[in-house]
Structures are given as C-alpha cells and as structure tokens.
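In what follows, every chain begins at residue 1, and chains take the letters A, B, ... in the order their sequences are listed.
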Amino acid sequence: MQLKPYARTLAIALSLAFVAGCSSTGGGQDGDSTGGTGGTGGTDGGGVSTGTADGRGINGDRDGREGQRATTDDRIPQTRTIYFEYDSDAIRSEFEPVLTAHARFLRANPSASVVLQGHTDERGTREYNLALGERRADAVESYLNVQGVSPSQVEVVSYGEERPAARGQNEQAYAQNRRVVFAY
Amino acid sequence: MNVLKTTWLAATLLLFTSLAQAADLTIEITRGSDRATPIAIVPFADGDDLPQDIAQIVSDDLERSGYFEPLERRAMFDRPASREEVRFGEWGALDVRYLVVGRVSREDDGYRIGYELMDVSGERRMLGETVTTGRSELRDAAHYISDQIFEAITDIRGAFSTRIAYVTSSGIGPDTQYALHVADADGRNSQQILSSDEPIMSPAWSPDGGKLAYVSFETERPAIYIQDLASGRRVRATSFEGLNSAPTWSPDGRRLAMALSKDGQPEIYVMDIGARDVRRVTNNSSIDTEPAWSPDGRSLLFTSDRSGGPQIYRLDLDSGEEERLTFTGNYNARARFAPDGEAIFLIHRGNNGFQVARQDLESGRLVALTEAGHAESPSVAPNGTMVIFATRQAGNGVLGGISADGRASFRLPAAQGDVREPAWSPFLN
C-alpha cells in the first residue's frame, strides 16, 4: 500500500504546469551529480521528488539541443550536488564556482526556486544527522543569500542519513553521501 | 502555524486496511550471559500437534533476557507434565535450578494451557496457573507464561508480551522504499502500518501503547504524525518550516517533546497535544535534538553540540536549568532513561565506532555495552532489563538486543533489506 501515487500524480501535474509556465526544469537528485567526489553518473532516472523525471526529460532535450555548459543565466547549472568533509558544513573551495553559478541563475530568474537537500553519511545517530544535514544546506543557503539570492527562492530540507546516494561502510560511500543537492 | 491539523488524512484508513503481513524478524542469540540461571522448560504435554511450540517460545523468551540458560531438550531424561510426575533429585543432578512443566488441551474455540513452575532444590511449586486462549493467540499465551515465570523468579515484571516498532528500507537511491512496522518483542507477528517512497523516521510509542508518533517525509518535507494503531487513523501533529523531528511522548501521554528548526537551528520544543501549542524549551545557537523524557516527566534528556561535539544534557522543565551529563569521549548522543531513572542508555563513539553505552547518573560512569560498530537508536524495554538498538551485520541494517548489564545479546535480522530505529513499547497489559 502506497501513500504516494495520488500525491505523485498531483505533483507531476503541478510540476508539468510549472515547467510549462516558467521553464524551470527538474533533476537535482543524487544520481545526477556531474562533479565533485562522487561522480556517480547521471543515468538513473526518477528521484525523491515527484515530477523529477518529467523535468529532467525536458532538461535533457534542451541540453541536447544547445550542447553547451550551463554558464548562461537562463539555464539551471548542470552540477547540482556539492560534497562536504566529515562532520563539516564548510563549503569546499572547489565547489564555490558551483554555488556562484546557481546564485547567478537564481538572481537572473527570480521566479525560479530551489530546494537545498542536505545529506550526511550514515555515521552517528539519525536525528542528530538530520540536524547536521540541515546545517550543511543552511551553509549553502547563506552563501547564496550573500550573493544576492532572495531567501524566498530557497528552501532547505534535510534528509540526514535517510537517503544515501551510495551504499557501503567505507569512506568512498561516505564521501558521496555527505552532500547538498540543488533540487529545482 | 499548522500545528495538529485535525483533518484526519483520508488515505490513512485505506492504508491501514491493507496491513501487509511483512516478513518476520528472526531471533539469533549471539551471546548468553555467564550469570544466567539454569532452567528447564519441558515440552508441554499434548502440544505436539499445535501450530506453536509453547515451551520453545517460553524457552527462547527466557534465554533472550540473559537471565536464564534453558536446558537443551536432548538433555531432558524425562518429560513430566505436572508436579506429581517430577523427579526433583534427577533434575537437581543436572544443575537445573528451576523447572517448568505444562500441558495443553483443546477447547471449543481455542486451547486450555496449564503450567507449573518448580524450585528444584526446594522441591517446591512456585507458580501454577491455567490459561485459556483463542486459536490464533498461542504465541501471546506463551509470552504471558514467560512473563509470569520471569517475575516469579526475578521479582522483575516480564516484558515478553510487549511489542516493537521499527523502520525498514529496501533499495537504494530514488527507488528506495520505506516502511514502518510493529511486531511482537521477539520479532514475530510483524505488521506493516505505513509505507512510503519517502523516508520514515523516529517511531515513538504513546505511554498507553495505543499510538505511534513518527516523522514522515511523504510530503517531501519532514512532518510529525500521530497514528492510532487500532484504527489506523492518524493526524499530522506538526509541519513547521524546517526540521520536524524526534518526537517522544511524555509519561502522562499529554505532551510530545520534539526538535524543530522553525526559529533557526534545531531546538527542543514541548507540544501540548490537546491544546495544540508548542513551547520552546531550549535556546542557544547550536544543535539541540533527540529529546527523551525522564520517567517522572519533570526533565528531558537531549543531545546538543554546544560544547563542540554532541553530548547529553538534562533540562529541568520547571526551573529551565540545563546540566551536561556526559564527559567521556567526544560523541555521546540519543540518550534514553532507564525506567527507574537512575541510568541512561545512549550512543557513544569509541575508538572504533559507535556503541550502546549505559551511564549511571549517580556516579557519572559510562560503560560500553556493545562492541564498537554502527550502533544507533537504543530503546529500553519497559522493565529496564534489555536494550534494543540498530546495528549492521554484513552490511545490512539489523536490530540487536543487549541485556542492561551487557552480558547477553541477540540479533533480529530481517530476511531482506535494512531494519532500523527500533522502539520498544510500554507494558501493554
């Protein structure tokens, strides 16, 4: 028995309307990281958020047509996952260009909004990790705000250790799981 | 403010009626206590063709507690069914201190089970009772018998007729499925009470055992729900902006403590369930989460990283005074009180990982109960004798149990997928 089918249908309908209305696109799940330490590739579809698959499809088409890096202000930057050190919410310098690109996009598109999904690795207690995931996403939000992004465009949701991108009890998996995902 | 939306969620009834019979967890005793008392539970007479082996269930219950070491059946030279048939001297020669015998007879719509507990050296009957039970309640009857035997010998109320709630997940990435289950304390008779493709967290029992509070991300935001187990009806208790996490019930059942981040970083709040308002009870710039009520309802344990790393603090709800309790090591989190309020159980990070630990509140001494590893989410049996927790076995999430003195342990692995976040129910009878 599922909670979601009704909600999913509704959300897909809404998101399609949204996509049509303001050309916001989906994606932003763990699997579609294209940079950083994870490098898990972007082939797996679906995701946490309903409507993602539809949005990503549209996004993919556009990418195919335009075939260029997401440096223009009217496209959502392609890299939507950044990674963190253990027990840290500090933005690593290598990811500052990623945040800057998202900030520029959001400034240029005031009607666009993003959910910053904070994640941790599995070590430690779940509820404390939920708080740590929020702290990471908050750090990204602050960075965006300093760069002039309106707080009304940004929402933070922490998943703690509940939605790992990679399985396993090793540093490689842990490194892929300590992340913040930009979900548009 | 959308505290306690009273609209019962329509989907819930549908959800509950589908009560999937999930795969049960199976007990594996991993270590018996070296101080366990030898006991023999003789197979019950005329019980051979029953759907459940009552004596075996009782034996497993008593062994799992760490208090008893049941005699193997193949060592039993005799199968008495009543006190008159017991040859005490010969059982004494096997170093058996207590002996349980019984017999089963069919009734019209169920069974009649008679059992007796004997003190072998005193050649004395300590307990004798006849229980009648419905056809499908043989396991319940066996757990009841375990409770009576346990209390007669230890003077501690048995907790074998209790239940556990736990969360399962299967799959990885976007296809992960999450579910909330309730099962007997031995992992059997599991029922799925909620499933979702978004995370489910932090199940917590109401003190009357009738409801569970939990966190569900089904709206793609965390929210706290309260679900009635008998009817399946539920209500969303909180869905503030930010974290809605870690609900725990006050001993009187009228309040929920929780961690919310609606005012910035996570803080502890207390919600009056009837009046539907939340009151903030901590206030600082660090993370405060994982509240737990003291048995007298007057104070809360919580985890805070105000000192740099997570440590356990106690908040007096009347005075507002806060006191740091843990000083051993640099990671102590998610504490729960022992039912007598004299000790706390928590997750402690040692040199090689996370382990369940007990800290005596009088002395402040912290003792690790489990091997270092991936322990999480300790939950204490209502009689204080055991702690159930989540850990890993061959990479999979499993439940583990440890006696409060750390001497005996067991595992409750699932057939597939990960199991975690066990919550031990209160006494239910």
Side-chain angles (χ1 to χ4, degrees), chain A residues 1-8 10-11 29-32 40 44-53 56 87 89 115 117-119 121-135 137-138 141 155-170 173 176-177 183, chain B residues 9 11-12 14-20 169 172-178 192 194-202 215-222 241-243 245-246 259 261 264-266 287-290 303 305 309-310 331 333-334 346-347 349 353-354 374 376-377 390 392 395 420-421:
Chain A
M1 186 57 207
Q2 284 299 315
L3 274 174
K4 289 299 294 296
Y6 166 74
R8 180 186 289 279
L10 181 64
Q29 294 313 312
D30 306 337
D32 64 25
T40 54
D44 55 334
V48 176
S49 58
T50 53
T52 292
R56 180 177 296 150
D87 207 17
D89 61 355
V115 177
Q117 300 173 337
H119 301 267
D121 69 35
E122 67 175 36
R123 290 173 290 177
T125 65
R126 289 180 179 273
E127 289 136 339
Y128 184 65
N129 279 343
L130 204 59
L132 292 178
E134 180 176 70
R135 187 179 272 175
D138 282 347
E141 183 182 35
E155 186 184 0
V156 161
V157 174
S158 175
Y159 287 90
E161 63 177 281
E162 306 305 313
R163 277 208 169 277
R167 254 184 100 90
Q169 286 73 52
N170 54 67
Q176 288 184 53
N177 291 335
Chain B
L9 302 180
T12 309
L14 195 63
L15 237 158
F16 187 76
T17 50
S18 75
L19 272 184
S169 74
I172 184 73
D175 299 325
T176 307
Q177 285 293 315
Y178 302 84
Q192 180 179 294
L194 181 74
S195 83
S196 176
D197 55 7
E198 297 289 342
I200 299 168
M201 291 181 74
S202 309
V215 173
S216 169
F217 284 68
E218 66 202 50
T219 61
E220 298 176 10
R221 309 286 181 275
E241 187 180 342
L243 294 189
S245 71
S261 62
Q265 69 292 338
I287 290 170
D288 294 332
T289 185
E290 300 176 338
T303 305
D305 72 344
Y331 194 115
R334 207 192 179 272
L346 61 139
I347 294 300
R349 185 170 65 195
F354 297 87
H374 298 274
E376 288 186 326
S377 310
R392 288 197 172 273
R420 59 191 187 228
E421 293 202 89

Next item on the list: Could you check A:Glu127 against B:Glu421 for side-chain contact (heavy atoms from CB on, under 4.5 Å), going step by step and ending with a plain yes or no?
Entry: CA-CA 10 Å; A:Glu127 289 136 339; B:Glu421 293 202 89; 4.2 Å; yes

Next item on the list: Look at B:Pro266, B:Ser245, B:Pro310 and state which one has the largest set of heavy-atom pairs under 4.5 Å with chain A.
Entry: B:Pro310

Checklist line | Contacting region of A:Arg123 [heavy-atom separation from chain B under 4.5 Å] | finding: both

Next item on the list: Would you mind checking which part of A:Glu134 comes under 4.5 Å of any heavy atom in chain B, side chain (CB onward), backbone (N, CA, C, O), both or neither?
Entry: side chain

Item checked: A:Thr125: which of B:Arg349, B:Arg334, B:Glu290 passes side chain to side chain donor-acceptor pair (under 3.5 Å) -> B:Glu290

Check: What heavy-atom pair brings A:Tyr128 and B:Thr289 nearest, and what distance separates the two atoms?
Finding: CA-CG2, 4.0 Å

Checklist line | Audit row: A:Arg126, B:Val215, side-chain contact (heavy atoms from CB on, under 4.5 Å) steps and yes/no | finding: CA-CA 12 Å; A:Arg126 289 180 179 273; B:Val215 173; over 6 Å; no

Margin query: Side chains of B:Thr176 and A:Arg163, heavy atoms from C-beta outward: is any pair under 4.5 Å?
Written below: yes

Checklist line | Choice from B:Ile347, B:Leu243, B:Thr303 maximising heavy atom contacts with chain A below 4.5 Å | finding: B:Leu243

Next item on the list: Using non-hydrogen atoms and a 4.5 Å limit, figure out which bit of B:Ile172 sits close to chain A: side chain, backbone, both or neither.
Entry: side chain

Notebook entry, point to check: What closest approach, in Å, do B:Ile287 and A:Ala131 show between heavy atoms, and which atom pair accounts for it?
Noted result: CG2-CB, 3.4 Å

Notebook entry, point to check: If you tally heavy-atom pairs under 4.5 Å against chain A, which of B:Ala246, B:Ala333, B:Ser377, B:Gly353 wins?
Noted result: B:Ala246

Check: How many angstroms lie between CG in A:Leu130 and CZ in B:Phe217, if you round to the nearest 0.5 Å?
Finding: 5.0 Å

Note to self: Under a 4.5 Å cutoff for heavy-atom pairs, which residue among B:His374, B:Glu241, B:Gln265, B:Met201 has the most contacts with chain A?
What the structure shows: B:Met201

Item checked: Minimum heavy-atom distance B:Glu376-A:Glu122, with the two atoms named -> OE2-O, 3.5 Å

Checklist line | A:Glu155: partners by salt bridge (Lys or Arg N to Asp or Glu O under 4.0 Å), with sequence neighbours left out | finding: B:Arg221

Next item on the list: Compare all side-chain heavy atoms of A:Glu162 with those of B:Arg420 and state whether any distance is below 4.5 angstrom.
Entry: yes

Checklist line | Minimum heavy-atom distance A:Tyr159-B:Pro199, with the two atoms named | finding: CD2-CG, 3.9 Å

